[in-house]
Protein chains: 2
Amino acid sequence: MGNAATAAAQRANNRLRLAVIDRDPGFMQVLSNRLEALGWDLRALSSAVTVDALVGMRLNALVIDLAVLGPGSWEYLERVCARLPGLAVIVCTGPSSVAQRVRGLRLGADAWMSKPCHAEELICVIEASIRRHRRAEMPQLEQSTTVGEITIRPDLYQAYARGASLELTAREFEILNLLSQSDRVLRREEIYERVWGYAMAHGDRSVDVFVRKLRQKLRTGSPNWNYIHTHFGVGYRFAPEMDGGESLPATQIASADAESDQIVFQPALVA
Amino acid sequence: MGNAATAAAQRANNRLRLAVIDRDPGFMQVLSNRLEALGWDLRALSSAVTVDALVGMRLNALVIDLAVLGPGSWEYLERVCARLPGLAVIVCTGPSSVAQRVRGLRLGADAWMSKPCHAEELICVIEASIRRHRRAEMPQLEQSTTVGEITIRPDLYQAYARGASLELTAREFEILNLLSQSDRVLRREEIYERVWGYAMAHGDRSVDVFVRKLRQKLRTGSPNWNYIHTHFGVGYRFAPEMDGGESLPATQIASADAESDQIVFQPALVA
DNA sequence: GAGCGCCGGTAACAAGATCTTCACACGCAA
DNA sequence: TTGCGTGTGAAGATCTTGTTACCGGCGCTC
């Protein structure tokens, strides 16, 4: 699945991927040893790489020594944080002023460590930064769900209708899977960010095109049903509906009835 | 304005709620001033409170000085983090060893600051921690509210009256949502800026036009009620009122939580 | 290694939906 | 009443979305 191994799929791999931009060989050595023992995937970089390259690495976390980057470091930090909002960014650099630390954090960094620092502590900080993101994706249990006429099977990376495969591509499946897990409206940026793993460029229509392909395959496999609804100016919402009329609960857990004359609030799933 | 309205407005305002367990009066004073300016809701605690009490506070973040808690501090920290995985926990305490900091972070703290520290930096760290949590908990924060006869559902970008959608456009919804979150008069410039995201040009009548469209749809879906009131020369104010007479408290939260501490006013005529 | 087909991503166009603007009517305050 | 701020309706401009075609990359087969 080469390219198909998207951020979401990667993270399921359970192996944390970390990049460090730093030039201190001793520091790197210590960190490397420690991380190897923990089974992390470390990428040591001795100078700034393009933001796109970072995107391509599918990282969980990034440690930066601002001193390595020189004058453009703030701007670089800002660009990285803006482009990869889901990435844990830790600045680990030499002596700094309060103002500098404040600036770094405001630009989007998750934590600031001052060198010299103990490797163990840095690792804890990285873990703490990553923790939430991982937790957020845990609920992605490999459990198949059935909504309307279709069955989604994360274990097979495929969806079925009336016993037949929908022949979804990897990306199509990921979008369907994401949409089906929520019955609220998802903005395009949100969808893009969670499927592609980084921020959507302005004017990108990829989500629309994939939604169209999805709709086509869904309609082929399950005629008379509408699954993906457009909310003009906002985004898309998943909800199985028969052409004729009534809608069904969006997920098996939740229940709502559009027919009653009173809106029913679905209890939020409390973890 | 009753206190119900105040409470509602507070929650709806998206104010960040923070508790600090600390006994340093000077520290508290500085922090308090700074946070007040930022519009945060600060709760100063001079000693440990039960975990259940913390749960009841619905905090976004918690700052703890371990020194205040004494011997049981580690266990307390662990219990809090385990019970409230969605809470940003920052330990802010005096001199410490690497081992202590590592321990604190491993127990679930999001960050560790050493006192003495600059209030501004602490705030940035808190913000960074909350930012990460927000990302994971977003879906939860969107609560439906019911005012008068209409129900506003941010998760669907739509409002309903008597079970039927008002068919609001995205922008109409945003304006209604904004207005409904406050029971004071909002100037046009204010509305424009918060919905459009930039300053209103002089002489722009867009807000007026949208208010008109909103009123029309509200009247269609919920006759005999007035929701948006004009304040000549000033702006608009949201308050559900029946034609016949009395007004109602501005907002009632239809919270998904079972243990809502909201006082709920239910109009008798909702069948 | 070349050819082929699949897949992801981009560009372009058309159809709609929505937003802005404008002119005028109306109501409020001095 | 005058002067201004607001309500109203509609036309035109703008923005969004659906849809199709097309291109480059990749893996596969031959």
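Lettering of chains follows the sequences in order, A, B, ..., and the numbering in each one begins at 1.
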request  = Would you mind checking if B/R131 and A/D110 are paired as a salt bridge, meaning a charged N to carboxylate O distance below 4.0 Å?
outcome  = no
query = C/dT20, D/dG18, C/dG27: which one has an atom nearest the side-chain heavy atoms of B/F232?
reply = C/dG27
request  = Tell me whether the OP1 or OP2 atom of C/dC19 has a side-chain N or O from B/W196 closer than 4.0 Å.
outcome  = no
Ion pair B/R188/B/D204, N-O distance below 4.0 Å = no
inquiry  = Across nucleotides 10-15 of chain C, 5' to 3', mark each nucleotide with B, S or - according to how protein heavy atoms within less than 4.0 Å reach it.
reply    = B-B---
task = Assign each of A/D208 and A/R212 to its nearest nucleotide of DNA chain D by heavy atoms, then name whichever residue's nucleotide is nearer the 5' end.
result = A/D208
key: NZ/NE/NH1/NH2 to OD/OE distance under 4.0 Å, A/R194 and A/E174   = no
ask   = Please give, in whole Å, the distance from C/dG8 P to A/Y198 OH?
value = 13 Å
Distance test, side-chain N/O of B/T169 to OP1/OP2 of C/dA17, below 4.0 Å = no
ask   = Which heavy atom of A/L168 sits nearest a heavy atom of A/L176, and at what distance?
value = CD1-CD2, 3.7 Å
inquiry  = So, applying side-chain contact (heavy atoms from CB on, under 4.5 Å) with A/D65, which one of A/V91, A/D22, A/I21 is it?
reply    = A/D22
query = Between A/R215 and A/T230, do the side chains contain an N or O donor and an N or O acceptor separated by less than 3.5 Å?
reply = yes
